[in-house]
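Notes follow the structure.
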Number of protein chains: 2
Amino acid sequence: MSSLKERTALKAQTTERVRDVAAMLEEEIVLGWLLPRERLVEEELAERLAVKRHVVREALADLERVGLVERIPNRGAVVKLLDPVEVRQIYSVREALETLAAQQIPLPLSGLILEELHAVQQQHAVAVECADARAAFRANMRFHETLFRACGNRHLVELIQAMAQKVHGARSITAASPEHLRLARDQHAAMVEALANGDRDRLVALCRQHLGPSRDAYIATVEARFARDRQQVAAPQP
Amino acid sequence: MSSLKERTALKAQTTERVRDVAAMLEEEIVLGWLLPRERLVEEELAERLAVKRHVVREALADLERVGLVERIPNRGAVVKLLDPVEVRQIYSVREALETLAAQQIPLPLSGLILEELHAVQQQHAVAVECADARAAFRANMRFHETLFRACGNRHLVELIQAMAQKVHGARSITAASPEHLRLARDQHAAMVEALANGDRDRLVALCRQHLGPSRDAYIATVEARFARDRQQVAAPQP
DNA sequence: TTCGACATAATTGTTGACAATCCTGGCGTC
DNA sequence: GACGCCAGGATTGTCAACAATTATGTCGAA
């Protein structure tokens, strides 16, 4: 009885399930459903996501390698809270990498890719209109993946994605904010336009501008939080 | 009975053992002790390295994430054979990253770092003189780590290291070659000199030159191997 | 009250056995 | 001889129980 279907749909490959769990946790972090410093208890997650603890363990190890999660031996995992210095460094590298990729995109861009990009951009716009943060996040990821893939260097794209992942924990501030989402939507549209016009300078400038808001919003929030933590240490709650 | 010592020396933290195993395998790959396409059987490695299969499994997952190893579900892991296109792409990114870092190193360099760098360079030179490939490899890693750390951006350094790791499977050709080792040694010396003189342009140029030989040697070898493989497929052995 | 020792609970880390999967080679059929 | 098919062996993937570690809470003494 539908053994094939169940195989591929429910069980899949083990490594697939690990990736799925990691992806789910990543989304929950980006959407602010899991906050920085929050504990990630293996059994709890295993039950909630309907997988064995073993799978959760591997997924957490993955997320640790990516930099989204911090694991302390014998104490478990927490969502990593990046300090402002790190965030600045990461964004500085992101800017360099994305600029590099943008400069390597062959212009004029092939009509095929341009259309694909336009389609993804539309999906993002729709998601923003519906205030569907999850759909917006996914479409946003696809947009940048499609955009930078056009540079032709797969490893460069992977690096760009890896660095973007690292600051996902920082995105929960902007990922749900309507203003930020609308701004991102408009910037995407402008990027597509620049690509259509073969205007490389504008494209590069847009990529750079595109990084600013989420970085600044996060740094502001985190600095406030760090200040509060310091205050708490100095004078524990009343 | 020395429980502390045994704890820290023999057992260590589990995550430490995983890292150790991954590092050992990495070295064996770089030194050509494990060749591309060679199978990595979990039980075999577990016995050889005197750890449980579980630890080997995690280490292999790590190496897969790094890109040194390829894992196919239910079939196991092999050391990855990079194709020429990938190698070119990776080296292109490496060049960009290392150039970026070199341009950000504050000049004149602090005397402390310069001395540290000089010391490591000397270690490398000694290892090359002794034709001790393993020591040379380690000193080489330390040299570049020390050099690029001076740029002040930890995440940029991590990226540079990650990209260097990716092509470690390609290094077995040059890692044991006396000529290549001597060339690398001289280039290191020149880099230190450029840093001492505050000559940034020369430093950047040297970094770029430094990448060339290993890339070219690998591409030549791999293209020969691919050609041979293709031939074998066309006409299986007599 | 505050401090430390101790028991207890919560959680992670380890292990070996078992199940699932994939490659290999032999066998029969066309 | 070529092809498909079915054991057999090698290897990876899954699991649940157990061990080890760390956090928590309680109690008694200063």
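Closest to the side chain of A/Arg39, out of C/dG13, D/dG13, C/dT11, is C/dT11. Side-chain proximity of A/Lys52 to the nucleotides D/dA16, C/dG16, D/dT22 is greatest for D/dA16. Distance from the side chain of B/His54 is smallest for C/dT14 among the nucleotides C/dT14, D/dC15, D/dT21.
At whole-Å resolution of the value, CG in A/Leu40 and P in C/dT11 are 12 Å apart. The CZ-P distance, from A/Arg57 to D/dG13, rounds to 17 Å in whole Å. Following rounding to the nearest Å, A/Arg71 (CZ) and D/dT21 (C1') show an atom-to-atom distance of 15 Å. If you measure from atom CD of A/Glu42 to atom C1' of C/dG13, you get 8 Å, rounded to the nearest angstrom. Put simply, CZ on A/Arg75 is 11 Å from P on C/dT12, counting in whole angstrom units. Atom-to-atom, CD of A/Glu58 to P of D/dT14 comes out at 8 Å; the value is rounded to the nearest Å. Between A/Ile72 atom CD1 and D/dA20 atom P the separation is 23 Å, expressed in whole Å. Rounded to whole angstrom, the span from the CG atom of A/Asn74 across to the C1' atom of D/dT21 amounts to 5 Å.
Inter-axis angle, ends of the helix from C/dT1-D/dA30 to C/dC30-D/dG1, five pairs per end, rounded to 10 degrees: 10°.
B/Phe143 meets the ring pair (Phe, Tyr, Trp, His ring centres under 6.0 Å) test with B/His188; sequence neighbours excluded. Among residues two or more places apart in sequence or in another chain, the side-chain hydrogen bond (donor to acceptor under 3.5 Å, both in side chains) test is passed with B/Glu58 by none. Listed by chain and number, the residues in a ring pair (Phe, Tyr, Trp, His ring centres under 6.0 Å) with A/Tyr91 amount to none (sequence neighbours excluded). Taking the side chain to side chain contact (heavy atoms under 4.5 Å, CB included) definition, one finds that A/Val85 meets it with A/Asp83, A/Gln89, sequence neighbours left out. Under the rule for a side chain to side chain contact (heavy atoms under 4.5 Å, CB included), the partners of B/Lys80 that lie at least two apart in sequence or sit in another chain are B/Glu70, B/Leu82, B/Glu86.
Residue B/Ile72 places its CD1 atom among more than 12 non-hydrogen atoms of other residues, nucleotides or ligands, all under 6.0 Å distant.
In terms of polar N and O atoms assigned as donor or acceptor, the side chain of B/Arg53 never comes within less than 3.5 Å of the base of C/dG16 in a complementary pairing.
A/Ser172 and A/Ile29 get closest at one heavy-atom pair: CB-O, 3.7 Å.
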